[in-house]
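Take a look at the structure below.
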2 protein chains.
Amino acid sequence: MANFDKITSTKVQKGTIVLHKGDTCNFGYKVVSGCLKSYVIDKSGKEHIVQFAPEDWFISDMDSFFNNKPSNIFIDAIEDTEFLKIGKPSFEDLAKHDSNALKEQNVKMRKSLISLNRRLIGLLSSTAEERYFEFLQTYPNMVQRLPLKLIASYIGITPEYLSEIRRKIEKK
Amino acid sequence: MANFDKITSTKVQKGTIVLHKGDTCNFGYKVVSGCLKSYVIDKSGKEHIVQFAPEDWFISDMDSFFNNKPSNIFIDAIEDTEFLKIGKPSFEDLAKHDSNALKEQNVKMRKSLISLNRRLIGLLSSTAEERYFEFLQTYPNMVQRLPLKLIASYIGITPEYLSEIRRKIEKK
DNA sequence: CTCATTTCTTAAACTACCTTAATTTTTACC
DNA sequence: GGTAAAAATTAAGGTAGTTTAAGAAATGAG
């Protein structure tokens, strides 16, 4: 292992924008406490959440990070959050000289790929209610911490409709 | 480079099932000619296409392959297809001894990540018609080769509705 | 070439989910 | 503790996409 010096710890307040769309993403973020979210904004101005990153999750714009291009996503703090910033130089240096680091990168990407795939399949084949249950499994205990609005955005429906779904579930 | 012996070329006829759901996926498939598709079947028996793999594309069930568990997807030949089977031992040996191979893996996964991300965002924020245009960009020239039915499955709508969309587009 | 099978098209009725808007509840701040 | 702002609920009406079904076109096997 090497280059620990390039990994720094940061604290930000709720609401802070950690990565701006259009900027190059020079870091990977590993959350220590609190929660980050990544999201896109579509043509009609609507926000779509790609990922939540509570404690121990890793979040980044891989495309921007690895290919050095402007990011398509935003990353903000949903709560007061502490995270580790893992800089690109350390990543790349590691990758050049240290094949273990390359392997770690690969493992991380694999995990992202697998979870993205799961989500894709959910969107293709499940109803909104089923996706809500999938969300509950993917992010256990987060229901209590996340506003309904953000959960709705994550599963791809309006807050109004999620509200209706919850009512229906409770009646059972 | 090493372990060429473990990479074998295979030809299969249209309709052949290359990977069965429930079996462990012991290979990555690199298509030389023809086309493969990967898909899931949901509770109601409907097929949802995850990926097409025409010439030069790579296809596999990463989750099954790397984590040694039963696959959730099927992979079949849409056309008579020739592909390279890259076995797990050679993958791992390469990873151990050949850092170029590791890097190649890395690059491949990045590409997959990027395209998966695009698709996810499309499903969250675009209409069926927009997703159809995105499909046309992702798989140029494949419209002519793929039956409408499969394209509809890929973009997440019924064949009937894709038929309607095409009619609407032509009227313009 | 011909019959059978699969694929595609069209259209009408239906449903999951959205939009708008008004009301209530919760959160945040001086 | 009160008031403003944000979040959540509810309900009515609307639309994108589905279902069902029937006919037309294309594909494939003998």
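Just so it is clear: chains get the letters A, B, ... in the order the sequence lines come, proteins before strands, and each one is counted from 1.
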Tell me whether A/Arg119 forms a cation-pi arrangement with A/Tyr154, defined as NZ or CZ under 6.0 Å from the six-membered ring centre and within 45 degrees of its axis.
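Yes - A/Arg119 lies over the ring of A/Tyr154, closer than 6.0 Å to its centre and within 45° of its axis.
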Look at the rings of A/Phe27 and A/Tyr29 and say which category their plane angle falls in: under 30° parallel, 30 to 60° tilted, over 60° perpendicular.
tilted
Aromatic ring pairing A/Phe74/A/Tyr39, orientation class (parallel under 30°, perpendicular over 60°, tilted between):
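Because their plane-to-plane angle is under 30°, the rings of A/Phe74 and A/Tyr39 count as parallel.
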Counting only side-chain nitrogens and oxygens, does [X] get under 4.0 Å of the OP1 or OP2 atom of [N]?
X        : N      : result
A/Thr158 : C/dC18 : yes
A/Lys168 : C/dC17 : no
A/Arg166 : D/dT10 : no
A/Arg131 : C/dA16 : no
A/Arg167 : D/dT10 : yes
A/Lys149 : C/dT26 : no
B/Lys14  : D/dG28 : yes

Between [atom2] on [N] and [atom1] on [X], what's the gap in Å once rounded to a whole number?
X        : N      : atom1 : atom2 : value
A/Tyr161 : D/dT15 : OH    : P     : 18 Å
B/Ile157 : C/dC17 : CD1   : P     : 16 Å
B/Ile165 : C/dA11 : CD1   : C1'   : 16 Å
B/Gln144 : D/dT27 : CD    : P     : 14 Å
A/Lys46  : C/dC18 : NZ    : C1'   : 8 Å
A/Glu170 : D/dT9  : CD    : C1'   : 12 Å
B/Leu148 : D/dT27 : CG    : P     : 13 Å
B/Ile155 : D/dT18 : CD1   : P     : 9 Å

Under 4.0 Å, heavy atoms only, any strand: does B/Pro147 hit a base, just the sugar-phosphate, or nothing?
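If one applies the 4.0 Å heavy-atom cut-off, B/Pro147 turns out to touch the sugar-phosphate alone, with no base involved.
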Name the nucleic acid region contacted by B/Glu164, choosing base, sugar-phosphate or nothing; use a 4.0 angstrom heavy-atom cut-off, strictly under.
nothing
CE of B/Met109 to CG of A/Leu113: how many Å apart, nearest 0.5 Å?
7.0 Å
Answer whether the closest heavy-atom distance between the side chains of B/Lys43 and A/Glu130 falls below 4.5 Å.
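Yes, side chains in contact.
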Proximal nucleotide (of D/dA21, D/dT9, C/dC17) relative to the B/Glu160 side chain:
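Taking heavy atoms from C-beta onward, the closest nucleotide is D/dA21.
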